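Quick notes on the structure that follows.
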2 protein chains.
Amino acid sequence: MTIKEVASQLGVSASTISRALARPELLSTETRERVLEAVDRLGYQPNLVARALRLQETRLIYVVIPTLSPFFLEVFRGVERGARETGYAALVGHTGRNVQREQLFLDQVASYRGDGVILVTSSDPAALLARRKRMPPVVAALEEIEGLAAPAVRVDHRKGAVDATNHLLALGHRRVAYIGGPEGQVIAGHRREGFHLAMNQAGLDPDGYPYLAVDYAVELGEQAMESLLTLHPPPTAVFAGNDEIAIGAIRAIKRVGLQVGRDISVIGFDDQRLASLYEPPLTTIRVPTEELGYRAILMMVDQLQGRSTEEDIVLPTSLVIRSTTGAPRA
Amino acid sequence: MTIKEVASQLGVSASTISRALARPELLSTETRERVLEAVDRLGYQPNLVARALRLQETRLIYVVIPTLSPFFLEVFRGVERGARETGYAALVGHTGRNVQREQLFLDQVASYRGDGVILVTSSDPAALLARRKRMPPVVAALEEIEGLAAPAVRVDHRKGAVDATNHLLALGHRRVAYIGGPEGQVIAGHRREGFHLAMNQAGLDPDGYPYLAVDYAVELGEQAMESLLTLHPPPTAVFAGNDEIAIGAIRAIKRVGLQVGRDISVIGFDDQRLASLYEPPLTTIRVPTEELGYRAILMMVDQLQGRSTEEDIVLPTSLVIRSTTGAPRA
DNA sequence: CGGGGCTTTGCAAACCTTTGCAGACAATTA
DNA sequence: TAATTGTCTGCAAAGGTTTGCAAAGCCCCG
């Protein structure tokens with residue numbers, strides 16, 4: 001059922017049908033009603049592909065995330081909500097931190113399949129985008145993208161890490177270790193900087209324990225913690241680069257018979273759902289993931305519709321104290 | 001950079017460019033090489049919207065899920081992998097179990113924006129699809145859709161539930177309660193049937209404890225378990241409709257000072273990531289979620305490309321014994 | 001040397017909308 | 001009554017691609 005078929009059924013032109021749906025005030029009351037009735041009766045649905053071709057906009061936004069994890073899912077949830085509210089659809093793609101896969105998505109957008117891209121971190125985005133021929137509008141979510149003039153909706157990872165570290169220090173800890181996210185990742189870097197900053201400020205050596213950079217996975221956090229436990233003296237507190245690593249660390253600690261929150265404190269980052277569910281519930285730094293995604297898509301739409309979006313948006317993190325941190329044993 | 005621009009740069013027709021990319025063997029070696037070189041040099045990327053309009057296929061598959069939970073995320077991950085392998089893209093939409101939202105997605109596909117729909121459960125799909133004008137190809141994942149002649153890639157929930165119940169019975173439990181998924185949901189229904197079947201077969205009354213139908217959420221499982229614990233005598237084992245409910249039940253049990261796996265056994269369903277991570281690790285029925293999604297998209301593509309897909313695919317579930325089930329106390 | 005067949009390329013239509021422009025007609029004003 | 005203004009509708013082009021058909025050119029064979 002195309003617009004022409006509806007038109008010929010009614011003995012009017014296709015233009016009239018189009019206008020009845022897009023700008024009904026242009027039609028006489030009588031025609032408008034006849035058309036709308038027929039559209040309804042025949043179940044006509046405009047072909048979105050044809051419309052996209054004509055209007056040169058697909059109303060589709062690509063969201064590129066590194067992995068399909070619950071964490072990024074939260075961000076996507078926000079994007080999806082905002083997209084729905086503004087009449088867009090969101091297409092999520094995960095790259096598995098693989099540059100080629102990332103390239104693939106950008107290609108698709110470059111092929112006019114999407115109106116814009118929301119990049120939620122990226123392996124090497126600046127390089128990628130620079131060599132794109134047709135540069136689609138980009139918004140960065142979660143963290144700014146180095147070397148790229150794209151507006152960002154982000155969080156101050158450095159400050160969050162300072163807060164986390166200070167929380168441990170305020171409890172009286174002096175032997176604090178840091179298990180960080182993957183080497184080379186921007187976010188992981190910032191969080192580590194925050195840790196350094198706070199430790200230095202307290203007059204402590206941030207490199208008192210080896211810096212272990214592991215990917216965001218429970219198993220890897222567990223391994224890292226195991227190796228820290230072999231040191232003498234072991235740390236009394238550990239700051240983990242995210243909640244999954246923290247959970248891993250807790251598992252390792254439990255396994256050797258120590259009690260988390262009493263013998264060793266652990267603090268995470270992100271406040272994933274897992275954090276509050278776990279036993280014991282995890283002390284962590286909350287990142288407003290859903291909100292991040294929501295703001296990012298709104299910023300994207302603003303940009304697409306010609307409203308200015310100069311400024312980055314920085315959302316606050318907050319310390320959520322649960323049960324895995326406490327004063328060091330006397 | 002359109003195909004015409006490339007063509008005029010080279011002094012050939014647009015057809016030649018198109019053929020160089022789609023059916024290179026039709027061109028003379030010389031022309032082919034000239035064209036491909038120019039395409040590369042100019043960075044020409046075919047406009048996918050125009051192609052979709054011409055070919056009447058978008059190479060986009062909609063995946064409709066009830067909620068953006070880690071569980072459905074697993075299914076989607078499989079879909080995404082299969083889509084990538086076959087040259088499709090997958091667009092995920094969650095309905096929040098809201099019929100209107102579901103309608104919205106189907107409308108979009110009906111508007112030729114997607115080539116097909118993978119429905120991962122649905123509120124009232126048969127009714128919805130019946131009144132759709134243009135019925136797109138549909139594949140059901142996870143569970144068949146009642147009243148709809150769509151092929152399904154699914155799991156035998158009934159049998160899985162029988163296995164779970166039998167595991168508890170084999171351990172010696174006689175006072176077994178069931179906390180189920182939301183009322184009216186097909187999958188929850190089948191799982192409950194399995195529980196009934198196994199209990200009856202063992203000569204036990206499946207309705208010895210009230211049937212509590214709660215949504216798949218930790219908090220609700222917790223509440224349900226609380227109410228079971230007030231009964232005299234309380235159950236010695238609980239079969240939960242999914243892992244989240246099971247985790248909730250465990251929390252309630254822990255809270256009253258009982259030990260899970262010794263005082264009361266709990267078994268879940270799905271084997272979500274949470275299940276193995278939790279303390280204690282959860283005994284559950286594993287559902288091959290990722291595989292489910294993968295097979296579903298392959299079936300979809302088969303259907304779109306005219307290969308026959310008559311038969312449902314049924315994947316096996318398996319019992320994963322961890323630490324939350326054990327023999328009842330003497 | 002003429003005709004048939006093959007290879008290679010171009011023309012033009014089709015996919016379905018939207019929208020600028022202009023025409024038709026009615027109503028108003030001089 | 002003629003001219004002007006305004007309202008409503010249709011025509012046709014444009015958006016970028018693919019592909020059936022036909023034409024052009026070439027080679028080969030009789």
Side-chain angles (χ1 to χ4, degrees), chain A residues 1-36 38-39 42-60 87 107-115 133-134 136, chain B residues 1-36 38-39 42-60 87 107-115 133-134 136:
Chain A
M1 180 57 51
T2 74
I3 202 170
K4 275 188 192 160
E5 291 174 293
V6 180
S8 70
Q9 284 249 350
L10 274 180
V12 299
S13 75
S15 332
T16 303
I17 311 293
S18 177
R19 280 193 272 253
L21 298 171
R23 315 202 35 202
E25 73 278 9
L26 289 180
L27 300 187
S28 71
T29 315
E30 196 226 328
T31 324
R32 175 171 57 239
E33 280 169 4
R34 268 180 59 221
V35 171
L36 293 180
V39 162
L42 300 172
Y44 166 70
Q45 304 229 357
N47 182 317
L48 295 180
V49 174
R51 176 182 287 169
L53 179 60
R54 169 67 225 231
L55 298 182
Q56 299 286 77
E57 64 160 22
T58 60
R59 299 222 140 218
L60 210 58
D107 275 351
Q108 291 196 6
V109 186
S111 298
Y112 305 86
R113 188 165 181 158
D115 294 343
K133 347 280 170 175
R134 190 185 82 103
Chain B
M1 181 56 52
T2 73
I3 203 171
K4 277 189 192 160
E5 291 174 295
V6 181
S8 70
Q9 284 248 352
L10 274 180
V12 299
S13 77
S15 330
T16 304
I17 312 292
S18 176
R19 280 192 272 254
L21 298 171
R23 313 204 34 204
E25 72 278 9
L26 288 182
L27 300 188
S28 71
T29 316
E30 195 228 326
T31 324
R32 175 171 56 240
E33 280 168 5
R34 269 182 59 223
V35 171
L36 293 180
V39 161
L42 299 173
Y44 165 70
Q45 305 230 357
N47 183 316
L48 294 180
V49 173
R51 176 181 286 169
L53 179 60
R54 169 66 227 231
L55 297 180
Q56 299 284 81
E57 65 161 20
T58 59
R59 299 224 139 215
L60 208 59
D107 276 351
Q108 292 197 6
V109 186
S111 297
Y112 306 86
R113 187 167 182 158
D115 293 344
K133 350 279 171 176
R134 190 184 82 104

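This one's a predicted model, so the numbers in the text were calculated from it and none came from an experiment. Letters A, B, ... mirror the listed sequences (proteins, then strands); counts begin at 1. Side-chain atoms are counted along with the backbone in the values below, which use heavy atoms only and exclude waters and symmetry mates.
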Give the rounded distance in Å between these two atoms: [atom1] of [X] and [atom2] of [N].
X: B:Ile3; N: C:dC15; atom1: CD1; atom2: P; answer: 19 Å
X: B:Met1; N: D:dT17; atom1: CE; atom2: P; answer: 11 Å
X: A:Arg113; N: D:dG15; atom1: CZ; atom2: P; answer: 22 Å
X: B:Arg19; N: C:dT8; atom1: CZ; atom2: P; answer: 12 Å
X: B:Leu48; N: D:dT17; atom1: CG; atom2: P; answer: 9 Å
X: B:Leu10; N: C:dG10; atom1: CG; atom2: P; answer: 10 Å
X: A:Lys4; N: C:dC15; atom1: NZ; atom2: C1'; answer: 9 Å
X: A:Glu5; N: C:dC15; atom1: CD; atom2: C1'; answer: 13 Å

Would you confirm whether [X], through its side chain, and [Y], through its main-chain N or O, come within 3.5 Å as a donor-acceptor pair?
X: B:Thr58; Y: B:Arg113; result: yes
X: A:Thr16; Y: A:Val12; result: no
X: B:Arg34; Y: B:Leu10; result: yes

> A:Thr2 near the nucleic acid: base, sugar-phosphate alone, or nothing, with a heavy-atom cut-off under 4.0 Å?
Replying inline: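 Sugar-phosphate, backbone atoms only, no base.
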> Reckon A:Val12 touches a base, only the sugar-phosphate, or nothing at all at heavy-atom distances under 4.0 Å?
Replying inline: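 Sugar-phosphate only.
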> Hey, are the side chains of B:Val49 and B:Leu53 touching, using non-hydrogen atoms and a 4.5 Å cut-off?
Replying inline: no
> Quick one: does A:Leu48's side chain get under 4.5 Å of B:Tyr112's, heavy atoms only?
Replying inline: no
> Do any side-chain nitrogens or oxygens of B:Tyr44 fall under 4.0 Å of OP1 or OP2 in D:dT17?
Replying inline: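 Answer is yes, contact under 4.0 Å.
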> Using rotation axes that map the C1' atoms of four end pairs onto the next four (five pairs an end), what angle separates the end axes of the helix from C:dC1-D:dG30 to C:dA30-D:dT1, to 10°?
Replying inline: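 Between the first-five-pair axis and the last-five-pair axis there is 70°.
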> Rounded to the nearest 0.5 Å, what separation is found between the CG atom of B:Asn47 and the CE atom of B:Met1?
Replying inline: 13.0 Å
>> Rounded at 0.5 Å granularity, tell me how far CG in A:Leu60 sits from CG in B:Leu60.
In response: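 A:Leu60 atom CG to B:Leu60 atom CG measures 6.5 Å (nearest 0.5 Å).
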> Where along residues 20-35 of chain A does a heavy atom come under 4.0 Å from DNA chain C, residue by residue in number order?
Replying inline: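 Nothing qualifies; none.
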Applying side-chain hydrogen bond (donor to acceptor under 3.5 Å, both in side chains), name anything that partners [X], two or more places apart in sequence or on another chain.
X: A:Glu57; result: A:Arg59
X: B:Thr2; result: none
X: A:Ser8; result: none

> Tell me, which of residues 50-58 of chain A have any heavy atom that sits under 4.0 Å from an atom in DNA chain D?
Replying inline: A:Ala50, A:Leu53, A:Arg54, A:Gln56
>> Restricting to non-hydrogen atoms, name the atom on B:Ala14 and the atom on B:Ala7 that form the minimum distance, rounded to 0.1 Å.
In response: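 In terms of heavy atoms, the two residues are closest at N-CB, 3.7 Å.
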>> So which atom in B:Val109 and which in B:Pro136 form the shortest heavy-atom distance, rounded to 0.1 Å?
In response: CG1-CB, 3.6 Å
> Taking atom types as they are modelled, is there a donor-acceptor pair under 3.5 Å from the base of D:dC11 to the side chain of A:Ser15?
Replying inline: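 Between D:dC11 and A:Ser15, which were checked side chain against base, a qualifying N/O pair under 3.5 Å is present.
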> Would you say the base of C:dT9 and the side-chain of B:Ser13 have a donor-acceptor pair closer than 3.5 Å?
Replying inline: no
Would you mind writing out the side-chain donor-acceptor pairs for residues 17-28 of chain A within the sub-3.5 Å range, not counting sequence neighbours?
unit_1: A:Ser28; atom_1: OG; unit_2: A:Thr31; atom_2: N; d: 3.3
unit_1: A:Ser28; atom_1: OG; unit_2: A:Thr31; atom_2: OG1; d: 2.6

Could you go over nucleotides 23-26 of chain D and give all protein N or O partners under 3.5 Å, atom names and distances?
none

>> Show every salt bridge (charged side-chain N to carboxylate O under 4.0 Å, His left out) that has at least one partner inside residues 3-12 of chain A, sequence neighbours left out.
In response: none
